[in-house]
Engineer: 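Before I ask anything, here is the structure I am working with.
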Amino acid sequence: MNTTGEALAGKIRSKQAIVGVVGLGYVGLPLAVEYGQAGFHVVGIDLDESKTARVNQGDSYVGDIQSSVLAPLVAEGLLRATTDFSAIREFDTVNICVPTPLRKTRDPDMSYIVTACKEIAKYSHPGMLVILESTTYPGTTDELVLPMLEESGLKAGEDFFLCFSPERVDPGNVKYQTKNIPKVVGGTTAACTELGRLFYEQALEHVVPVSSTQVAEMVKLLENTFRMINIGLANEMAIMCDSMGIDVWEVIEAAATKPFGLMPFFPGPGLGGHCIPIDPFYLSWKTKQTGVEARFIELAGSVNGQMPHFVVAKVQNALNEASKPVKGSKILIYGVSYKRNIDDIRESPALDIIHLLKRRGAEVWYADPYVPRIRLGEEVLDAREGCAAVGDADCVVIVTDHAAFDYAALVRDARLIVDTRNALKGIRSDKIFRL
Ligand SMILES: NC(=O)c1ccc[n+]([C@@H]2O[C@H](COP(=O)([O-])OP(=O)(O)OC[C@H]3O[C@@H](n4cnc5c(N)ncnc54)[C@H](O)[C@@H]3O)[C@@H](O)[C@H]2O)c1
């Protein structure tokens, strides 16, 4: 490593390095807090003024970060947030944690990364470590980010250091959080990887260096593609079991008793969230350019995409039993976030299910202790108080199995229940229709 790298390594080891985080969302804010707790001075940059204001008030908007943890860091001057990118001038390290959505055409939307990198390039200086954490297609760091940063005349591996490190945070997971999820990191050069490893070792428990940025990018896509395809298999199993009158949940639980060779995945109302429904398509988009078709991804995408329709068909069947048409029925959706105990509704299948039911003429309400209001196109829906609405609904659809729901009261008061999560496991009743 050259003297620029050695000087940066010294600052990182002594915790004198100023740590910058660009994008203070579900990924960036926990990372900023972790480095503040490790004793670094951290500055977060976000375009959204309401977020930077809340951080500076010690008021967390991310479920996994308690304000009681954030506020003392702000009070001690270890963490602050700003919308002013010129703060980058002072940074020794900068982690990019901005969104990477898909366009409607299922092409990667790199615009957030490009915007962030333009600002970093504008204020970059020798001796900086830049780490991209946003999930993206293999090649992004070296093909897109590197040329933007080198436009300033600085050279990667010599004047500044560049890595990719996939973010693996699992919102709502109390056992595994930013600190104890192993961190994979790969750099543009060996010196870049070494500085990336050193940086993460200061605040996180376990670091896994890999040989290149491309390997690190691909690691994340393998992880999420693995989940997406296995969920697709579980969903297809659910559809097959349903056609034969077999309880898929019992099948999976019994199969999972095999002590080797099987990892259980469970069916559900469809994929949701910012990662699993999106990331595999980054990979299929990229491999198409090399002439390779990602057939498993396309197939799993198609099976998973059918699940909201399958749930609506279940609702229709349940109402048929009560001789009621979907049209005009009052349907209560229990849980709209994409998974249990969190407030994130991005890509949530609940939104598709509500849309499909409304299109069939149903009157649809929802209850969710984490989500007070949702927007569906032009329409805004406010959450109902779960227990109160159950008695008025013709059918309740459990889409998200939040722990806070009173399932005993639900079973007691509901007329019909469609349970897409096996939340009512072990309860036998003619009014319960399981996936
Ligand atoms: N949320 C997860 O569970 C999760 C898990 C693993 C990986 N990821 C990946 O991490 C990345 C970030 O995801 P997230 O969930 O934190 O997103 P998020 O939407 O919660 O946060 C992103 C933040 O970046 C800000 N932002 C956008 N453009 C910016 C710019 N040019 N400069 C500064 N700030 C900007 C937004 O205002 C927002 O606050 C994505 O690539 C995502 O796929 C997310």
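Computed from a predicted model, the values in this text were never measured in an experiment. Both ligands and their constituent atoms are indexed starting at 1 by order of listing.
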Engineer: Can you find a side-chain donor-acceptor pair between Glu133 and Asn95 that sits under 3.5 Å?
Structural biologist: yes
Engineer: Keeping Asn56 on the side-chain end and Ala81 on the backbone end, is there a donor-acceptor pair under 3.5 Å?
Structural biologist: yes
Engineer: Look at atom 29 (C) of ligand 1 and say which protein heavy atom is nearest, naming residue and atom and giving the distance to 0.1 Å.
Structural biologist: Leu47 CD1, 3.4 Å
Engineer: Taking distance alone, with no angle check, do Thr135 and ligand 1 share an N/O pair under 3.5 Å?
Structural biologist: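 Yes, there is a polar N/O contact under 3.5 Å.
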Engineer: Suppose I only count heavy atoms of Cys275 and a 4.0 Å limit; which atoms of ligand 1 are within that range?
Structural biologist: 4 (C), 5 (C), 6 (C), 7 (C), 8 (N), 44 (C)
Engineer: Near Lys51, which atoms of ligand 1 are under 4.0 Å from a heavy atom of that residue?
Structural biologist: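 Matching atoms, with element in brackets: 38 (C), 39 (O).
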Engineer: For atom 6 (C) of ligand 1, what's the nearest protein heavy-atom neighbour? Residue, atom name and distance, please.
Structural biologist: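 Result: Glu167 O, 3.1 Å.
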Engineer: Out of Tyr61, Phe85, Tyr112, who gets a non-hydrogen atom closest to atom 32 (N) of ligand 1?
Structural biologist: Phe85
Engineer: Are the charged groups of Arg295 and Glu298 less than 4.0 angstrom apart, N to O?
Structural biologist: no
Engineer: Looking only at side-chain N and O atoms, does Asp109 offer a donor or acceptor that is under 3.5 Å from a partner on Ser111?
Structural biologist: yes
Engineer: Quiz question: by atom type and distance under 3.5 Å, do the side chains of Thr52 and Asp46 form a donor-acceptor pair?
Structural biologist: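 Judged by distance alone, the side chains do not pair up.
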Engineer: Around atom 21 (O) of ligand 1, find the nearest protein heavy atom and jot down its residue, atom name and distance.
Structural biologist: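 Here the nearest protein heavy atom works out to Gly25 CA, 3.2 Å.
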Engineer: Whether the His274 and Thr135 side chains hold a donor-acceptor pair (N or O, under 3.5 Å, no angle test) is what I'd like checked.
Structural biologist: no
Engineer: Which atoms of ligand 1 have any heavy atom of Pro99 under 4.0 Å away?
Structural biologist: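 Those qualifying, in numeric order: 19 (O), 22 (C), 24 (O), 27 (C).
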Engineer: Tell me whether the count of non-hydrogen atoms from other residues, nucleotides or ligands lying under 6.0 Å of CZ in Phe296 goes above 12.
Structural biologist: no
Engineer: Should you measure from each heavy atom of Val22, which atoms of ligand 1 turn up under 4.0 Å away?
Structural biologist: 32 (N), 33 (C)
Engineer: Given Thr100, Val169, Val98, which has its nearest heavy atom closest to atom 11 (C) of ligand 1?
Structural biologist: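 Nearest option to atom 11 (C) of ligand 1, by heavy atoms: Val98.
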Engineer: Taking both backbone and side-chain atoms of Asp48, is any N or O found less than 3.5 Å from an N or O belonging to ligand 1?
Structural biologist: no
Engineer: For atom 24 (O) of ligand 1, what's the nearest protein heavy atom and its distance?
Structural biologist: Gly23 CA, 3.3 Å
Engineer: N/O to N/O below 3.5 Å, does that happen between Arg346 and ligand 1?
Structural biologist: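 Yes - when backbone and side-chain N and O of Arg346 are compared with those of ligand 1, one distance drops under 3.5 Å.
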Engineer: Any idea which protein heavy atom is nearest atom 37 (O) of ligand 1, and the distance to it?
Structural biologist: Asp46 OD1, 2.6 Å
Engineer: Can you check whether Tyr26 has an N/O within less than 3.5 Å of an N/O in ligand 1?
Structural biologist: yes
Engineer: In terms of heavy-atom contacts, does NZ of Lys179 have more than 12 from other residues, nucleotides or ligands at under 6.0 Å?
Structural biologist: yes
Engineer: Hey, does the Lys NZ or Arg CZ of Lys286 hover above the aromatic six-ring of Tyr137, less than 6.0 Å from the centre and inside 45° of the axis?
Structural biologist: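 So Lys286 doesn't make the cation-pi contact.
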Engineer: Return the closest protein heavy atom for atom 8 (N) of ligand 1 as residue, atom name and distance.
Structural biologist: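 Minimum-distance protein heavy atom for atom 8 (N) of ligand 1 reads Val27 CG2, 3.7 Å.
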Engineer: State whether Lys339 and Asp170 are salt-bridged, where the test is any N-O pair (Lys NZ or Arg NE/NH1/NH2 against Asp/Glu carboxylate O) under 4.0 Å.
Structural biologist: yes
